[in-house]
Amino acid sequence: MSLPLVFSPTTNASWNVKRPLWSRESALTGVKVLYNGKSSQTNVVQYKRSRAHGRRPVTAHADGEKDKLNAGSSHNHERHHHVVRPEVHGFRMRPGRPIIQGPDQNVILQGFNWESWKHKWWATLTTKVEDLCSVGITDVWLPPPSQSVDRQGYLPSQLYDLDGSEYGTAAQLKELIDECHRHNICCVADIVINHRSGINQDSKGHWNVFKGGNRDRRLDWGPWAVVDDDVYDSGGKGNHDTGESYGAAPDLDHTNKQVQDELTDWMNWLRAEIGFDGWRFDFVKGYHPSFTKLYIDRTKPTLAVGELWTSMDYFDGQLSWDQNRHRQVLCNWIDGTGGTCCAFDFTTKGILQRAVEGELWRLRDDNNKPPGLIGWYPQRAVTFIDNHDTGSTQRHWNFPDARVLMGYVYILTHPGIPCIFIDHLYEFKLKEEIKKLVLLRKRNRINARSKICILKAEADIYVARIEDRVIVKLGARMEMGGLLPNKKEWSMYMAGRDFAIWETTRALPVVPEVHQEEHIPPVQKFAEKSVSSHPVHLTSKMSEETKKRILKEVSHDRVVDPVEEEGM
């Protein structure tokens, strides 16, 4: 059994397949892992520092480098003006890590679709990086990089074999990541670790013999690494599954320490050697969220987001207005990761794609907030219009084609962390419009936690004011009455089919320059208490954690308890 790799933000570490990646400090001492309703204690020994060379982790700067790295970057919110300092990595000069985007400022791009494997994608996407930088992208999500049974990479087998990927070679992937880093864009790997495809059958015909694809025996597993109640009939001999079964491949037993350690090794190798910065976790409902937390704690990604796609609520065949149960499932999963991981806001997607078809009343909940995850947990909500599953050539749950731009007007002006789909930039030819929306977002410092005031939400009109700097109108109704922005204080920024955006004419307050040696106060977790006159309804569908988040934002005299409400 190999020792786990722990990505240390204070150590310049290189990859060596014969030796673990050393850390200066104690690694994950006393991490609690929950499974089958029980808690186990994982203790990892304190490693000695190695004399490793190579790529500097994201936050590591030598004292003499601070001024050079921070010159001209003091909170000007112009991320892409940064000049990346080159570094020696494995006797090869490679660009250093991008400067991490400020709190909640990310604009993600899903940089592939379901058919990208057909187009030598690593090399093809490399040619588009400069263009993506001009749009304002801060993070690009890339497809699974390993050899896989399927061409898209979602049935991975030999995880260390990057030359076996249909998207291109390991060298081409490194060049793509280097090009992104030159333009100060972080790269997010699609991590598929719920399940894994075997390379050989056991004596009983089960596909549960695995090879890692590297020079040692890491990730060379047998049936002991697979859960024993897998619907795939994998012949697994591990513990019970801690989540839903995938069905198309053997589900891994994440309660097994060797599985944990060697997956950590592999993810840290992707960080330290290949150059990835963050993670997108696939099919997270397949294992307990505490394991997602464990892998995040051990690998220190710059960004982490999980795919938790569950069914929304319907009544008489129609999408229900109340989707509190659906978004509470997302909140519970995020809380299960200790708040370390974001989640894709499937609630907002499902509501928004119905709302833009003449049902804009859906865009306000009974607390006068957005009805999706962004209404309850905006700092951990990644909003999106479509992805490789819902859109592309699969179109399992696609946004109405004619309303895609209207959807981006919503997510790029509202709280949450927006994720743009590459098909909409190029195949839908919306690059210039989306670029203009991203510019508006950044110029007005709209971020994941931005304050929003919903002024009207009816079938054919939706009006909201964000951060008192942007007003958005959606819908076919032209008459806004008293909600029409005053021309002296607001100017029309952008208009199109069934939408209009106004921007304040007031100058932004100057953000004081913060020097490296000064103490930077932590970002407040919650916004100031709301002064809206709308009552706040606490429902039985909310978890205690969700209620606490809401109560911290509002005055207690506005809270309506569900018990009191029933007696009214």
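Reckoned from all heavy atoms, side chains included, excluding hydrogens, waters and symmetry mates.
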With no hydrogens and no angle check, is any side-chain donor or acceptor of Thr347 less than 3.5 Å from a backbone partner on Gly372?
no
Polar contact flag, side-chain donor to acceptor under 3.5 angstrom, Asp104-Gln379
no
Asp345 bridged to Arg327 by N-O distance under 4.0 Å:
no
Are Asp178 and Lys174 ion-paired here, with the side-chain N under 4.0 Å from a carboxylate O?
no
Quick check on ring-ring contact (aromatic ring centres under 6.0 Å, His included): which of Trp117, Trp141, Trp122, Tyr426 does Phe112 satisfy it with?
Trp141
Would you say Pro400 and Met406 make side-chain contact, with heavy atoms under 4.5 Å?
no
Can you confirm whether Asp423 sits close enough to Ser392 that some side-chain heavy atom of one is under 4.5 Å from a side-chain heavy atom of the other?
yes
Within the side chain of Arg380, is there an N or O that forms a donor-acceptor pair under 3.5 Å with the backbone of Ala343?
no
Gln260 side-chain N/O to His254 backbone N/O, donor-acceptor pair under 3.5 Å
yes
Under the 3.5 angstrom rule, does the side chain of Ser197 hit a backbone N or O of Ala249 as a donor-acceptor pair?
no
Return yes if some donor-acceptor pair links the side-chain N/O of Lys431 with the main-chain N/O of Val135 below 3.5 Å, else return no.
no
Would you kindly check if the NZ (Lys) or CZ (Arg) of Lys349 is within the cone defined by 45 degrees around the ring axis of Trp397 and under 6.0 Å from the six-membered ring centre?
yes
Answer yes or no on whether Arg151 is positioned over the face of Trp114, meaning its NZ or CZ is under 6.0 Å from the six-membered ring centre and within 45° of the axis.
no
Lys/Arg-Asp/Glu bridge criterion (N-O < 4.0 Å) met for Asp216, Arg218
yes
Only distances under 3.5 Å count here; give the side-chain donor-acceptor pairs of residues 223-231 to other protein atoms, sequence neighbours excluded, each with its distance to 0.1 Å.
from: Asp228; atom 1: OD1; to: His240; atom 2: ND1; distance (Å): 2.7
from: Asp228; atom 1: OD2; to: His240; atom 2: ND1; distance (Å): 3.4
from: Asp229; atom 1: OD1; to: Asp241; atom 2: N; distance (Å): 2.9
from: Asp229; atom 1: OD2; to: Asp241; atom 2: N; distance (Å): 3.4
from: Asp230; atom 1: OD1; to: Tyr232; atom 2: N; distance (Å): 3.2
from: Asp230; atom 1: OD1; to: Ser245; atom 2: OG; distance (Å): 2.9
from: Asp230; atom 1: OD2; to: Ser234; atom 2: OG; distance (Å): 3.3
from: Asp230; atom 1: OD2; to: Asp251; atom 2: N; distance (Å): 2.8

Please tell me if the side chains of Leu162 and Ile274 come closer than 4.5 Å, counting only heavy atoms from C-beta onward.
yes
Polar side-chain atom of Ser165 near backbone of Tyr167 as donor-acceptor pair, under 3.5 Å:
yes
Looking only at heavy atoms, what is the nearest atom pair of Leu405 and Phe499, with distance?
CD2-CE2, 3.8 Å
Between Glu115 and Lys118 (salt bridge meaning N to carboxylate O under 4.0 Å), is one present in this structure?
yes
Please examine the side chains of Leu270 and Trp279, heavy atoms only from C-beta on, and report whether any two atoms are closer than 4.5 Å.
yes
Flag, side chain of Thr299 to backbone of Met267, donor-acceptor distance under 3.5 Å
no
Judged by modelled atom types alone, do Asp386 and Asn398 share a side-chain donor-acceptor pair under 3.5 Å?
no
Taking atom types as modelled, find out whether Tyr154 and His388 have a side-chain donor-acceptor pair closer than 3.5 angstrom.
yes
Spatial distance of atom SG (Cys187) from atom CD1 (Ile177) [nearest 0.5 Å]
5.0 Å
Short question: side chain of His183, backbone of Glu179 - any donor-acceptor pair under 3.5 Å?
yes
Residues Arg441 and Gly416: closest non-hydrogen pair is NH2-O, 2.7 Å
Ion pair present between Lys211 and Asp161, side-chain N to carboxylate O less than 4.0 angstrom?
no
Could you check Phe346, Phe399, Tyr410 and say which one makes a ring-ring contact (aromatic ring centres under 6.0 Å, His included) with Phe384?
Phe346
Asn113 and Ser116 side chains, donor-acceptor separation under 3.5 Å:
yes
Does this structure show an ion pair linking Asp401 with Arg403, if we count only N-O contacts that are shorter than 4.0 Å?
no
Are side-chain heavy atoms of Leu252 and Asn194 found at a separation under 4.5 Å?
no
